[in-house]
Amino acid sequence: MSKRKNPSSNDAPNADFCEFLMELSEYEKNVNRNIHKYNAYKNAASVLASLNKKIESGDEAKKLKGIGEKIAKKIDEFLQSGKLKKLENIHQDIEAKTISLFTRVSGIGPVKAADLFKGGLRTLKDLKNNRDKLNHHQIIGLKYFEDFEKKIPRSEIIAIENKMKENIYKLDPKFTVTICGSFRRGKSESGILYKLRDDLPYRRLDIRLVPCEKYYCAVLYFTGSDVFNKAMRTHALEKGFTLNEYSLRPIGSTGLPGEPVPLSSEEEIFEYIDYPYKKPEERNK
DNA sequence: AATAGGCTTGG
DNA sequence: CCAAGCC
């Protein structure tokens with residue numbers, strides 16, 4: 001008899017652990033401003049996320065790369081009690097709660113959030129009443145706070161893609177339209193503003209028009225993920241290149257980047273820096 | 001010790 | 001021009 005697929009438990013048996021580790025990770029970044037703890041928690045979560053066997057104890061978890069004494073103890077505490085004292089405390093803390101909320105506004109980071117809290121602001125309504133304390137980016141982020149957090153269903157993205165292709169090809173059939181981001185990596189997500197219909201939420205779309213010679217670097221960059229990009233750019237540096245969203249350039253003996261390498265495919269970027277090619281769906285970490 | 005690079009803002 | 005902050 002064949003086994004039925006069970007995405008919720010079979011697919012991600014350690015999802016509970018990942019969830020609290022990600023929350024701790026966000027706390028360390030936004031409230032505590034400890035980037036290294038942020039990374040440590042995030043890495044631990046990512047290691048557990050890609051594991052398809054349920055972890056039964058802290059000791060077992062400790063064998064994994066990226067999980068040490070402290071996180072192992074938290075896993076044990078969570079296994080025994082179903083919660084974490086540390087997180088419970090954070091949830092009670094007004095400052096932590098406020099800063100966590102404010103950093104969800106696009107354009108507000110840990111520093112600005114703490115500054116707003118110090119100024120006595122506590123709620124999104126407070127922010128709306130104090131727009132003079134925000135820059136343009138943050139005002140837009142606040143205006144569309146809820147909508148920007150919504151994921152765009154894949155089907156809606158495909159509809160947008162078709163509409164864009166239709167209109168842009170009419171302009172000039174030589175244009176190429178490519179949807180990037182997690183959509184291209186096989187998932188569904190977003191990033192100018194448009195409204196299709198009044199009953200649908202506002203969506204944030206990043207639309208870039210790039211010249212042909214920069215197309216492949218742009219597509220590579222906008223496909224992500226961010227972690228994947230960082231890893232690949234680090235590798236590029238080791239191989240004597242600098243890679244950004246516009247070009248791949250060799251770093252000369254002066255230490256300065258030279259002329260961009262001519263490219264005719266995404267794969268070529270990988271080849272130049274001797275990095276194993278990954279299909280978009282394999283770039284999720 | 002730890003994983004890039006660019007844009008905006010403020011000085 | 002530079003540094004900080006944010007993405």
Side-chain angles (χ1 to χ4, degrees), chain A residues 21 24-26 28-47 64-71 99-119 127 131-142 144-145 148-149 180-182 189-193 203-211 214 216-251 255-258 260-261 269-270 272-275 278 283-285:
Chain A
L21 290 170
L24 287 167
S25 158
E26 290 297 304
E28 292 297 343
K29 179 177 64 167
N30 297 325
V31 183
N32 224 16
R33 281 193 254 173
N34 187 325
I35 198 68
H36 298 304
K37 287 191 178 186
Y38 157 75
N39 284 326
Y41 281 125
K42 204 158 63 96
N43 282 334
S46 133
V47 165
L64 301 165
K65 190 173 156 57
I67 298 183
E69 193 71 45
K70 310 282 277 291
I71 293 179
I99 291 175
S100 298
L101 172 68
F102 288 174
T103 51
R104 286 166 57 196
V105 176
S106 181
I108 298 184
V111 175
K112 182 68 184 178
D115 181 56
L116 292 165
F117 175 81
K118 265 191 160 176
L127 295 185
R131 297 179 60 183
D132 55 310
K133 294 193 170 70
L134 306 177
N135 67 24
H136 179 253
H137 181 164
Q138 294 157 348
I139 289 172
I140 300 291
L142 179 61
Y144 301 109
F145 182 83
F148 285 178
E149 288 199 336
C180 299
S182 51
E189 227 202 291
S190 75
I192 317 172
L193 276 191
R203 302 299 200 190
R204 216 192 94 196
L205 308 178
D206 291 330
I207 300 173
R208 294 259 185 149
L209 179 61
V210 299
K214 292 177 182 164
Y216 298 105
C217 287
V219 161
L220 176 68
Y221 167 67
F222 285 106
T223 298
S225 68
D226 56 346
V227 173
F228 175 83
N229 285 344
K230 278 188 200 173
M232 187 162 170
R233 289 174 180 195
T234 305
H235 183 86
L237 285 174
E238 285 161 5
K239 293 286 175 178
F241 288 86
T242 176
L243 174 63
N244 63 17
E245 64 207 85
Y246 310 113
S247 63
L248 175 68
R249 292 166 296 172
I251 297 173
L256 295 173
V261 173
I269 305 174
F270 291 79
Y272 265 103
I273 64 170
D274 199 21
Y275 198 59
K278 294 249 181 0
R283 301 178 202 166
N284 283 307
K285 284 213 310 193

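Letters go in sequence order (proteins before strands), and every chain restarts at 1. None of the values given here were measured: they were computed from a predicted structure.
Rounded to a whole Å, the CG atom of A/Leu134 is 14 Å from the C1' atom of C/dG5. Atom-to-atom, CD1 of A/Ile251 to P of B/dA4 comes out at 12 Å; the value is rounded to the nearest Å. C/dC6 atom C1' lies 14 Å from atom CG of A/Leu116, rounded to whole Å. For the pair A/Tyr38 OH and B/dA1 C1', the computed distance is 18 Å after rounding to whole Å. Note: NZ (A/Lys239) to P (B/dT3) measures 17 Å, nearest angstrom. C/dC6 atom C1' lies 11 Å from atom CG of A/Asn30, rounded to whole Å. Following rounding to the nearest Å, A/Phe148 (CZ) and C/dC6 (P) show an atom-to-atom distance of 18 Å. Between the NE2 atom of A/His137 and the C1' atom of B/dG6 there is a distance of 14 Å, given to the nearest Å.
For the pair A/Leu243 and A/Leu220, the minimum side-chain heavy-atom distance is below 4.5 Å.
Comparing A/Tyr221 and A/Ala40 by the nucleotide of DNA chain B whose heavy atom lies nearest to each, the residue mapping closer to the 5' end is A/Ala40. Taking the nucleotide of DNA chain B with the nearest heavy atom to each of A/Asn244 and A/Lys42, the more 5' of the two is matched to A/Lys42.
Remark: the backbone N or O of A/Asn34 is not paired with any side-chain donor or acceptor of A/Glu28 at under 3.5 angstrom. Between the A/Ser25 side chain and the A/Leu21 main chain, no donor and acceptor come within less than 3.5 Å of each other. In terms of modelled atom types and a separation under 3.5 Å, the side chain of A/His235 and the main chain of A/Asp274 share a donor-acceptor contact.
With rounding to the nearest 0.5 Å, the separation of OG1 in A/Thr242 from CG in A/Leu256 is 11.0 Å.
Nearest nucleotide to the side chain of A/Tyr246, out of B/dC7, B/dT3, C/dG5: B/dC7. Closest contact between the side chain of A/Asn135 and the listed nucleotides B/dG5, B/dT3, B/dT9 involves B/dT9. Residue A/Leu237 places its side chain closer to B/dG5 than to any other of B/dG6, B/dG5, B/dT3.
Phosphate contact (OP1/OP2 of B/dA4, side-chain N/O of A/Asn229, threshold under 4.0 Å): absent. Considering only side-chain N and O atoms, A/Thr242 lies under 4.0 angstrom from the phosphate OP1 or OP2 of B/dG5.
Looking at heavy-atom distances under 4.0 Å, A/Ile35 makes no contact with the nucleic acid at all.
Look at the P atom in both B/dT3 and C/dC7: the space between them is 22 Å, to the nearest Å.
Centre separation under 5.5 Å together with a plane angle under 30° holds for the ring of A/His36 and the six-membered base ring of B/dA2, marking them as stacked.
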